[in-house]
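So that the names make sense, note that chain A is the first sequence line, chain B the second, and so on, each numbered from 1.
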2 protein chains.
Amino acid sequence: MSASLNISPEHRRLIAKLESIGTLTAGEHDALTALPLRVRQIAEDTDIVREGDAPSDCCLLVEGFLCRYKMLPDGGRQILAIHTAGDIPDLQSLQLKVMDHSLGTLTPCKVAFIGHAALQEITRNYPGVAALFWRDTLIDAAIFREWLTGVGRRTAHQRIAHLFCEIHIRLKAVGLANGDGFDLPITQAELADSLGLSTVHVNRVLQDLRRGGLIQSRGKYLAVMDWRALEEVAGFDPRYLHVR
Amino acid sequence: MSASLNISPEHRRLIAKLESIGTLTAGEHDALTALPLRVRQIAEDTDIVREGDAPSDCCLLVEGFLCRYKMLPDGGRQILAIHTAGDIPDLQSLQLKVMDHSLGTLTPCKVAFIGHAALQEITRNYPGVAALFWRDTLIDAAIFREWLTGVGRRTAHQRIAHLFCEIHIRLKAVGLANGDGFDLPITQAELADSLGLSTVHVNRVLQDLRRGGLIQSRGKYLAVMDWRALEEVAGFDPRYLHVR
DNA sequence: ATCGCATCTTAACCTATGTTTGCAAGCGAA
DNA sequence: TTCGCTTGCAAACATAGGTTAAGATGCGAT
């Protein structure tokens, strides 16, 4: 306990994240605390790894918003995931050496890099941590599935409402959102690229939701005025997030 | 080598699959061969596990086609993945106890059930196998990402062509397709539910592709007349499948 | 304080795809 | 052989959402 006072904020983030999806023994906790991290500040709209790269580190997002995306030959972009503090968006690179998509910042970000070697070693020595890492990537996949069904079968209104509900739950799980809203510092164009819509249509729907009294955006802050209604139009069921 | 003559076809499938994405040591090979399997024949259009279930086995697909899907409140269905022989579609249930989607047959299937306990044990004793399982679920996720970008940003023509290319590569990886086509015993409605389209539109596009001389469907067999052109309209790049 | 750029907003118009419906072809069961 | 059911096909029509383009608004940099 007294030791925990010396844990860096970066390690704290990592541990809070892992504890949001499972439990850690004291030994695992200590081993994670001892992980060597290289912390860096990265400007907004900057790529961290690109499709085709074979990175030698994983990155832990400490502050800000990241996204993973694919570019299409015609210039179109599909955002595959939006990542919030605590996430390790390229944990998969531990097993899949060459990236099949890119990872970039949506906002200025504080990121901590962790060498593959150090991660491999911790998984070797602590199978419980390995299992949690696996579990994390499986939840990742569960979110892809939910996005896929959204883009495949939900209307624009439902998709947007659903994304808002999802991000809210995920931020709450790591203690970054309260009851009435959350910071969502991303543009309508980025929303559009996430949901398979055009920016114009995102704008239309957003205004609809505001007129309907469901939400209210004050700058980068998304204030939700009527959670019940928002979840209702989204058809939101948080089970796929597998939070404890 | 003489031992390999006694390996059951089910175990052979499993091993062929794992070897298509990584390598096995002799010890791992033997341990997998000793895995207790409960083989069952399952009729077409039958659910194996449903959203909300907490299964105690994983299932190895030995013959036939399975799919994973989600139902929406309005009755819509999104197919999340199409599985072919060798796949273990619910390997994730080892870590995520309650299913966030369902798993059902598209055709009559031969399936081998493997108890979670046996799988846990093998991952405990053979970290290399654990890593391969992890890798398998990561490739699964890579395919979700590709589908997501398809549904989000590709036209109907591109989506259909892309799916055909993907299934072909996957079947080839486990030795179930030759050069000129493959068995694809699924209906246009199922194609539609996979691609976020209506069945009518799938029909239109399929005829287009036939008229264009790209494909030709004889019953359940999909004959590809012009691979180059098909990959061209799909914008297909197989890297995301991470086959060796 | 002002310029410049990104973002948001609006409007007019367009099209890919959805919906509904009906019919024909194939096929297994009785 | 016929019945019943699934699947494929077709045509007419409807619409959600895309596209283009042009202002308006906000805000960081100088």
Side-chain angles (χ1 to χ4, degrees), chain A residues 43-46 65 72 74-79 104-108 149-163 183-211 215-222 233, chain B residues 43-46 65 72 74-79 104-108 150-163 183-211 215-223 233:
Chain A
E44 85 182 314
D45 264 310
T46 309
F65 285 75
L72 292 160
D74 69 352
R77 171 171 80 155
Q78 176 66 43
I79 292 182
T105 56
L106 291 170
T107 67
T149 95
V151 174
R153 288 290 179 233
R154 284 197 254 258
T155 67
H157 287 257
Q158 296 171 322
R159 288 183 223 179
I160 292 183
H162 201 280
L163 181 60
D183 273 312
L184 189 65
I186 75 181
T187 69
Q188 295 183 358
E190 288 157 348
L191 235 35
D193 282 346
S194 302
L195 300 169
L197 298 170
S198 69
T199 115
V200 174
H201 202 58
V202 167
N203 186 278
R204 289 197 267 251
V205 172
L206 245 24
Q207 293 190 50
D208 242 42
L209 293 176
R210 282 189 287 241
R211 264 194 300 273
I215 62 168
Q216 197 175 313
S217 16
R218 321 190 186 99
K220 309 264 145 224
Y221 188 80
L222 182 83
V233 340
Chain B
E44 85 180 315
D45 264 310
T46 309
F65 285 76
L72 291 160
D74 68 352
R77 171 170 80 153
Q78 177 65 41
I79 292 183
T105 57
L106 290 169
T107 68
V151 173
R153 287 289 178 234
R154 283 197 255 258
T155 67
H157 288 256
Q158 296 172 323
R159 288 182 224 181
I160 292 184
H162 201 280
L163 181 60
D183 273 313
L184 189 65
I186 75 181
T187 68
Q188 295 183 358
E190 288 157 348
L191 235 34
D193 282 346
S194 302
L195 300 169
L197 298 169
S198 69
T199 114
V200 173
H201 202 58
V202 167
N203 187 279
R204 288 197 269 250
V205 173
L206 246 24
Q207 295 191 49
D208 242 42
L209 293 177
R210 281 191 286 241
R211 265 194 300 274
I215 63 168
Q216 196 175 314
S217 16
R218 322 190 183 98
K220 310 263 147 227
Y221 188 81
L222 182 83
V233 340

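- Rounded to whole Å, the distance from CZ on Arg154(B) to P on dA16(C) is 18 Å.
- For the segment residues 193-202 of chain B, residues with any heavy atom less than 4.0 angstrom from an atom of DNA chain D are, sorted by number, Val200(B).
- Once you apply a 4.0 Å limit to the heavy atoms of chain B, the touched nucleotides of DNA chain D run 5' to 3' over dT7(D) to dA12(D).
- Closest approach of Glu44(B) and Thr107(B) over heavy atoms only: CB-C, 3.4 Å.
- Of all the heavy atoms in Ala192(A) and Ser198(A), the pair that sits closest is CB-C, 3.6 Å.
- Arg159(A) and Leu197(A) get closest at one heavy-atom pair: NH1-CD2, 3.6 Å.
- Taking each heavy atom of Glu190(B) and Thr187(B) in turn, the nearest pair found is OE1-N, 2.9 Å.
- Of the possible polar contacts, one joining the Thr105(A) side chain to the Ala43(A) backbone as a donor-acceptor pair under 3.5 Å is found.
- Remark: P of dC8(C) and CD1 of Ile160(A) are 12 Å apart, rounded to the nearest angstrom.
- The side chain of Asn203(A) places no N or O atom within less than 4.0 Å of a non-bridging phosphate oxygen (OP1 or OP2) of dC8(C).
- Atom-to-atom, CZ of Arg153(A) to P of dT17(C) comes out at 13 Å; the value is rounded to the nearest Å.
- Of the options Ile186(B), Val202(B), Ile79(B), a side-chain contact (heavy atoms from CB on, under 4.5 Å) to Asp193(B) is made by Ile79(B) and by none of the others.
- Remark: P of dC5(C) and CD of Glu44(A) are 16 Å apart, rounded to the nearest angstrom.
- Within the nucleic acid shown, Arg210(A) comes within 4.0 Å of sugar-phosphate atoms alone, with no base atom in reach, counting heavy atoms only.
- One finds the CD1 atom of Ile160(A) at 8.5 Å from the CD atom of Gln188(A) (value rounded to the nearest 0.5 Å).
- Closest non-hydrogen pair, Gly196(A) versus Arg153(B), comes out as C-NH1, 3.5 Å.
- Looking only at distances, no side-chain donor or acceptor of Gln216(B) sits under 3.5 Å from a matching main-chain atom of Leu222(B).
- One atom, CD1 of Ile186(A), and another, P of dT7(C), lie 12 Å apart when rounded to the nearest Å.
- When rounded to the nearest whole Å, the span between CG of Leu206(B) and C1' of dT17(C) equals 15 Å.
- Rounded to the nearest 0.5 Å, atoms CZ (Arg210(A)) and CG (Asp208(A)) are 10.0 Å apart.
- Among the nucleotides dT10(C), dA12(C), dT17(C), the one closest to any side-chain atom of Gln207(A) is dT10(C).
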Let's go through Ile215(B) and Leu206(B) carefully: what are the C-alpha distance in whole Å and the side-chain angles of both, what is the deciding distance for side-chain contact (heavy atoms from CB on, under 4.5 Å) to 0.1 Å, and is it a yes or a no?
CA-CA 8 Å; Ile215(B) 63 168; Leu206(B) 246 24; 4.3 Å; yes
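- Taking the C1' atoms of five terminal pairs at each end of the helix from dA1(C)-dT30(D) to dA30(C)-dT1(D), the two resulting helix axes are inclined by 50°, rounded to 10°.
- For Arg204(B) and dT17(C), the CZ to P distance is 9 Å, given to the nearest whole Å.
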